[in-house]
Amino acid sequence: MDSNTIPVMEPDRQYYFMNKCKELVLDLKAKKNRPLTYCVTTFGCQMNAHDSEKLKGILDELGYVEIDDENADFVVYNTCTVRENANKKLYGHLGHLKNLKKKNPDMIICLCGCMMQEKHVVETIKSKYKFVDIVFGTHNIYKLAELINIYFNQNSQIIEVLDKSEKTVEELPQKRKYKFKSGVNIMYGCNNFCSYCIVPYVRGREKSRRPEEILKEINLLVSQGVKEVMLLGQNVNSYGKIYDYTDGKMDLQEEKLMSFPDLLREVCKVDGLERVRFMTSHPKDLSDELIKVMAEEPKICNHLHLPFQSGSTDILAKMNRRYTKEQYLSLVDKIRNAIPDISLTTDIIVGFPGETEEDFLDTLDVVEKVKYDQAFTFIYSKRTGTPAAVMENQVPEDVVKDRFQRLLTRVNAISNSRIKRYEGQIKDVLVEELNHQDNNLVTGRTKESITVHFPGDSSLIGETIAVNLKECKGFYFLGERTS
Ligand code: 5AD
Ligand code: SF4
């Protein structure tokens, strides 16, 4: 490789490597006399799902063809480490891949994402999973083509995991699952250090994208047919700070950009965009201004995901959440007063160290009082390196399981009765796909994020249709077009 010809600046550098890889993929295709395939498996949150769309965009560009089967020429696992069981799952999958690779020795296995940011994981892969070819973390996914290029030249295990983001590379290809809706990163990382959470360690410090970059991307998406965007960040309510990088090091001089409510107003001005969602909101940073924008802007979906994690003020303090049970409840009141019919969803953790029966009853109390449309419930999972992992009084497994079941029973009953209130109402449904079980039905979502199935065909995909929510079937509706 003549290093003089390799561009230093991004994204030119990555396009250079994409072109190099394209030639190598073409040669391989000719040798095998068949297309080369890839399969990307994603674990975890929406952020990871969106990262996977970027990885797929690059692999498509290189000439690989996507398939839904791990028996592919290029296999990617985009990993999650937020809870321990996600880690266990990955090692299980790797055993399976080892067997597949025996049959197709040219198979390239690539691991990336949050779990790779943990040193002990990378050590395990180096020593026990030598058949894994390429490993990278959360800070350099944009470099996929460059890393593949190195791999093609060296044919030995390539590992590049960085401690922090050196740069944000814009304008690389993306392959969206849906033509009409898309995630858009507005910020990366998290500064909150909730004591149970590994995210700040694996995703690094908070860094906002510039509003002009975000708006440019959304305008482009809309010109390609996108009607709905989901603005993504670990804590979108603290959007607005950017850290510049000098000589690859973080310059601590932070530059203030725009506030999140102002960004929302700008996003809503984009012509042709119909729906705006965002995720996730930390209650401590949710401003009155945000509530006002949500109430005023018709494009902003009538839905807020507001994790409370625990209803006990003592546990919240140990979790480093920086709000009390009462503050959370009065925030919910304020939101409901301004936007009476808003759909609220949440995340709850059961069995945090030191959680007593009384603490748990406080969690149940919040659930009863708020009446969430949907609640995602998690059993506390000890993550090495977080402050909570070394806290005393870890709760015995049988006690946690019992509490978890009791919680689940209540949240399910409440969301069932909440969703029923929409029965008989007419709502706009953005059609996403043909129903998997019945091809005479299509499936879509309302602005409240309720799933609706109704008679229709594939010509409706991507269209917004007025639908009568005729029959509530637990967590979803069967509906009928109004015209
Ligand atoms: N154990 C259990 N749940 C966790 N979450 C984050 N860290 C942990 C952990 N260690 C949950 C929180 C968060 C959601 C994305 O995952 O509820 O909001
Ligand atoms: Fe984790 Fe808390 Fe940051 Fe959310 S806000 S990613 S729970 S540290």
Side-chain angles (χ1 to χ4, degrees), residues 11 13-44 46 48-79 90 93-94 96-113 116 131-136 140-155 157-158 160 169 171-183 220-221 224-226 432-434 436 439 458 461-462:
R13 185 177 172 88
Q14 293 314 311
Y15 280 100
Y16 169 88
F17 284 113
M18 280 183 233
N19 283 330
K20 284 265 158 210
C21 287
K22 253 185 224 174
E23 291 164 20
L24 297 165
V25 169
L26 270 177
D27 286 350
L28 262 171
K29 258 160 81 172
K31 215 166 79 188
K32 290 187 184 278
N33 198 20
R34 62 167 177 81
L36 294 190
T37 55
Y38 77 85
C39 176
V40 176
T41 306
T42 311
F43 297 94
Q46 311 239 10
N48 257 18
H50 189 50
D51 282 350
S52 287
E53 295 187 336
K54 298 178 187 174
L55 297 169
K56 288 179 187 184
I58 295 171
L59 289 168
D60 271 0
E61 189 73 24
L62 303 193
Y64 283 96
V65 177
E66 184 176 10
I67 56 168
D68 209 9
D69 180 342
E70 285 172 2
N71 198 359
D73 297 296
F74 199 104
V75 180
V76 183
Y77 276 109
N78 189 5
T79 62
L90 177 76
H93 279 282
L94 284 180
H96 172 62
L97 281 189
K98 188 175 183 183
N99 289 329
L100 292 178
K101 193 166 177 168
K102 275 187 195 142
K103 290 184 204 130
N104 176 10
D106 289 339
M107 174 190 261
I108 301 176
I109 300 176
C110 171
L111 303 181
C112 61
M116 300 306 123
F131 58 92
V132 170
D133 303 299
I134 303 174
V135 175
F136 56 96
N140 46 353
I141 60 162
Y142 70 91
K143 273 178 93 172
L144 178 64
E146 184 168 345
L147 296 173
I148 296 177
N149 202 264
I150 301 173
Y151 175 75
F152 276 140
N153 285 307
Q154 289 184 4
N155 224 327
Q157 195 175 57
I158 307 291
E160 190 183 285
V169 180
E171 294 177 38
L172 284 173
Q174 288 184 18
K175 182 183 192 178
R176 296 195 311 276
K177 186 170 172 203
Y178 299 106
K179 272 197 148 60
F180 49 87
K181 68 172 189 177
S182 178
L220 179 71
L221 288 169
Q224 295 166 345
V226 164
E432 296 188 348
E433 56 201 353
L434 276 183
H436 296 300
N439 270 350
S458 57
I461 295 173

Side-chain heavy atoms of Lys56 within contact of Gln174, under 4.5 Å = no

Quickly, which of Ile158, Ile108, Leu111 forms a side chain to side chain contact (heavy atoms under 4.5 Å, CB included) with Val132? Name it, please.
-> Leu111

Would the number of heavy atoms belonging to other residues, nucleotides or ligands and lying under 6.0 Å from CG of Asn99 be above 12?
-> yes

Under a 4.5 Å cut-off applied to non-hydrogen side-chain atoms, are Leu55 and Cys112 in contact?
-> yes

Quick one: do the Asn104 and Asn71 side chains pair a donor with an acceptor below 3.5 Å?
-> no

Between Asn78 and Asp51, what is the shortest heavy-atom contact and its length?
-> ND2-CB, 3.8 Å

Side chains of Lys29 and Val25: closer than 4.5 Å at any heavy-atom pair?
-> yes

Residues in salt bridge (Lys or Arg N to Asp or Glu O under 4.0 Å) contact with Arg176, at least two apart in sequence or another chain | none

Check side-chain hydrogen bond (donor to acceptor under 3.5 Å, both in side chains) between Gln46 and all other residues, then give those that pass, not counting sequence neighbours.
-> none

Is any side-chain N of the basic residue among Asp133 and Lys101 closer than 4.0 Å to the acidic one's carboxylate O?
-> yes

Would you call Asp60 and Tyr38 a side-chain contact if the rule is heavy atoms closer than 4.5 Å?
-> yes

On a heavy-atom basis, the closest approach of Ile461 and Glu432 is CG2-O, 3.5 Å

Go through the structure and list residues passing side-chain contact (heavy atoms from CB on, under 4.5 Å) with Leu28, not counting sequence neighbours.
-> Lys31, Lys32, Leu36, Phe152

Determine whether Glu160 and Asn140 make a side-chain contact, defined as any pair of heavy atoms from C-beta on separated by less than 4.5 Å.
-> yes

Student check: side-chain heavy atoms of Lys179 and Val226 closer than 4.5 Å | no

Do Leu144 and Phe136 touch side chain to side chain, with heavy atoms closer than 4.5 Å?
-> yes

So, are Asp27 and Lys22 salt-bridged, with charged N and O less than 4.0 Å apart?
-> no

Please tell me if the side chains of Tyr77 and Glu70 come closer than 4.5 Å, counting only heavy atoms from C-beta onward.
-> yes

Would you name the heavy atoms of Ser52 and Val40 that are closest together and state the gap between them?
-> OG-CG1, 3.7 Å

